[in-house]
Amino acid sequence: MELEKAFDPRVAEENHYKRWEASGFFAPEINENPDAEAFSIVIPPPNVTGTLHMGHALQHTLMDTLTRWKRMQGYKTLFLVGVDHAGISTQLMVTRQLKKDEHKTPQDIGREAFTEKVWEWKNKFGGVITQQIRKAGLSVDWSRERFTMEENLSKAVREVFVRLFEEGSIYRGTRIVNWCPRDKTVLSDLEVKEEKAKDGKLYYLKYPILSEPSAIADGLGKSSRFRVPGSDLNTILDLEPGTRNSEFLTVATTRPETMLGDTAVAVNPEDERYKHLIGKTILLPLTNREIPIIADDYVESEFGTGAVKITPAHDPNDWEIGQRHNLEMLVVMNDDATMNDAAGEDFKGLDRYAAREKVVGEFEKLGLLEKIEDYEVTLPHCERCKTVIEPLLSEQWFVKMDEMRDVALKLMREENSPRFFPEVPHKKVYTMWLENLKDWTISRQLWWGHQIPAWYDAKGGIYVARTKQEACEQAGTNELTQDEDVLDTWFSSALWPFSTLGWTGGADTLVRPDAAVSESAGNNRSEVVRQEAASGLADKSVRSPTSDLNAFYPTDVLVTGRDIIRLWVSRMVMTGMKFTGKKPFDDVIIHGTVLDKNGQRMSKTKNNGIDPLDVFVKFGVDATRMALAGSATGIDFAWRDEKVESFRNFANKIWNATRFCLMNSEGGSVDLQSLEFSHQAASDEVLTRNVGTPNLADRWIISRLNKTVKAVNYALETYQFHEAVQLIYHFFWDDFCDWYIEFVKDEIVNFNDTDTDRGNAKIGSEPELTGKQIRARTLILTILEQALRMLHPFMPFLTEELWQKLPGTSNDLHNAAYKSAEKTIMLTDFPKANDSMIDESAESAMNSVTELITKVRNIRAEMNIKPGEKFTIHIAAEASVQEVFKASEAQILKLARAETLVISHRLQVPKASAKAVTANAEIAVPLEGLIDFDKERGRLTNQITKLGEEKSRLDGQLSNANFVGRAPSEKVDALRGRFAELSAQIKTLHGNLRSLD
RNA sequence: GCCGACUUAGCUCAGUGGUAGAGCACUCGCCUCACACGCGAUAGGCCAGAAGUUCAAAUCUUCUAGUCGGCACCA
């Protein structure tokens, strides 16, 4: 079999995905083992209208790697995929398109038509991201694909809403909310991003104080006080100049336009400057309203003037003060941030910024503008459209989070769950956020989303129900209108791990809602199984949504970015505990952010994003996945094309190593038995069913393989993907390709075959293969096959492409759970380490040999000996080491490009020789006529210096009585051993140096 | 302001108490019959700075500086 000379990723990428999917390899049902443990991951649902970016590619790679690894280990595996309806961004996108195509606004066409348009849009473009997920090779179960707006998930949303409402956790109330004047919707705190304003100013406004409070006796904050006749600004401004100063109270504000809605001025009760003013009245300029001066601890005397204008309808802190003092709440803005009628004739209709200028101008005209200072201020912005948020008094739906929050905190405190990887700093961020959690604003003034299941009758009565019919029954009338608003997208996302698995809160619910919290501790699978059996759902042939819930919930691990720990992770924990009684996942892997090559965040505005699809085309999916998994440590990292390139090269290396093995595979085939000679077998041929004794290299590579397998499994268990990648990379490239293949090459290649057209040799045209050759070919194919399996979770396409071509592969190699599936590497058994195959003596012997070869190559390179020039190598070593070199003579000669090997106890070579030392041998290469004595002196001196530095360091340590006395004795012994070795080597090198004179 | 992370070879990053590692780039030699997306051999680091703990510190503690995040923001 002949492979192309270079690996073309496109071929492999096109060859396998369809078959994998069509054969049901991705579905958990492929697992035939009724007792198989489950492993499940739910994808963080990407936005339905979105496209794949590097962050997705990274987290998808990690999830798929884990899934494929677990699947190969025989777990009944579900990787659940789906998309999110993404309320705001989708609505924005469709609105923009509507404007472009038809020059219409959503209001022009109405709610129903608009929603219809969004669905059309979703059906048209919603598949983009799922296509990209296929392209990336994710082994997700497409038969269970979910969408947050589909019927079952919507049902779950309504169920949760109704239950929370019924227990009083969801309420409708009037609060100061984050209002986006452009999207005209409320936003949760998490959808607001604080940014520094470019030219923030602090305006100092002078408010006149009425000497005679008119009409105010008590009852601060009653609306009757507005517009009191008889006191107007001009009267006050006309006062004697000398008395004027004491008649004003100056307040500082960054938003002067809100003064039109002021209903009080507050000072600190302890502030000596203002104590006497408390209870007096201010005549509010531009409005001629009278407002009280009140005392509140909230005011900090040191800041600004120590007096604060209070606008309860336009500032959250002012709102609270307003509540405490029973102040009037005067809304002076419309929902598009223009001023409304209440702002007065002169201002109504003005945009907030125009109103600001006008207010400041008017104050200046009146001589009431004390000063304007530059002031650094951070302003809230809409995360989506970047518009400055206006805090606005508004009636919305809220969820009380206290109870759910406490359950989540308890779970973290008592069980350290969910467990974050890395734990620092995410556990703390998660915990602190929960501790300071406020009520969640869940209504949104959008049309795209889950419409709030609340209905109103003509009198304003509220009926919350699962269906309109239910609501009508409650109300006793059919004349109900549903709440116009929809729910925050994250409300449905919060239910994702169980709503996607079939939870709708009906009688088939995992646990009764009332028992949910108290049963939180019992979170293990055996219990699930028991419940499943009890409820008659154990029959695997029945695939009902509920059996999915029983089989796969809780999920095992969540992989996500740190930006949605609070937005999403915490809410899944809270709703999961509340409605299923179980935590939704055990572990949470927080991956880093992919930055551009300059360490900057990728963003659309900076246009520095890197499209994963471009990288796929350029370097291949497998290489991209390796680069991503190889970088994932939870820390941000800068993107380097060079890194992917190096894994592209690695893919090609794998391709070519396989190509070599296939070119010489005649007579051999993958055979796991061939791995089973252990080091005992080396001295007992009867134990091996192979012809001949396993040689050093064979014992060595098997040992290396097992060590690698062990370390890779450990790395994946602890989610150290980069560690696993490094291990496999080095095993394959350094151990397998650079040493093992080179070592056994002569044995494997049938050199009698040189006349035939290589690779096209027909069966039977080769000379008879020896049993030794067949054994060697079988072993190298088997090692290769094991390496491909290890690589498969990371590089699915390449490994499948090659594995299918290996002789001897069949579904016999599958994990026991998949024996009847058609043959595929993705269902093979993931390698397990066998400690008895770890052979330290083979490894140390092999090290002696490779060190020897390297030293000789160094002599060749540094003495400028042409590659074609053969020479004799003299080696002096003790008897046991001599044996090792003798046994590997052929390989040493070949790899060091030498002609003869002279092995003895003492070097006997001419003066004109280049020399070197290894840990257990002396080397000399006679170079009569080729040696440059100065160069050789330099080489030897160099070696002496290097070893000497280490020796003196050790000397210092060993002569320190404290070290010798207190350090562990094995440590001291090891250092002494090394010291002796160095001393001997240096002595030898000095001798070599002298012999040159 | 508070909290946190990061600072290791030219670049991007591994490395949680015991002789500093990788990939890429660089230098030198090679088209050696799997692979030039390759092979071989070098070179290159007072592990940001300071102090401390320890027989021993890149690694633990504290402080400083720089970079980047998060949170909270007093009008």
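All chains are named by letter (A, B, ...) in the order of the sequence lines, taking the proteins before the strands, and each is independently numbered beginning at 1.
- Aromatic rings of A:Tyr375 and A:Tyr203 (six-membered ring for Trp) have centroids beyond the 6.0 Å cut-off, not under it.
- For A:Ala657, counting side-chain heavy atoms from C-beta on, the closest listed nucleotide (B:C24, B:G23, B:A34) is B:A34.
- In this model, no side-chain donor or acceptor of A:Arg659 finds a partner on the base of B:C35 within 3.5 Å.
- Relative orientation of the A:Tyr719 and A:Phe721 rings is parallel, given thresholds of 30° and 60° on the angle between their planes.
- Of the candidate nucleotides B:C13, B:A5, B:C35, B:C35 has the atom nearest to the side chain of A:Glu742.
- Along RNA chain B, the nucleotide nearest A:Gln726 and the nucleotide nearest A:Gln600 are compared for position; the residue whose nucleotide lies closer to the 5' end is A:Gln726.
- Across all strands, A:Asn664 comes closer than 4.0 Å to no nucleic acid atom at all (heavy-atom distances).
- The residue A:Arg648 sits close to a base: some heavy atom pair falls under 4.0 Å.
- Comparing B:G70, B:C74, B:C13 by their closest approach to the side chain of A:Arg566 singles out B:G70.
- Nucleotide B:G38 forms a Watson-Crick or G-U wobble pair with B:C30, both donor-acceptor distances falling under 3.5 Å.
- Distances were taken from every side-chain heavy atom of A:Val308 (C-beta onward) to each of B:A14, B:A75, B:G38; the shortest belongs to B:A75.
- Heavy-atom nearest nucleotides on RNA chain B were determined for A:Arg640 and for A:Lys309, and the one closer to the 5' end corresponds to A:Arg640.
- Side-chain proximity of A:Asn858 to the nucleotides B:G4, B:U42, B:C37 is greatest for B:U42.
- Atom P of nucleotide B:C71 and atom CG of A:Leu437 are separated by 14 Å, given to the nearest angstrom.
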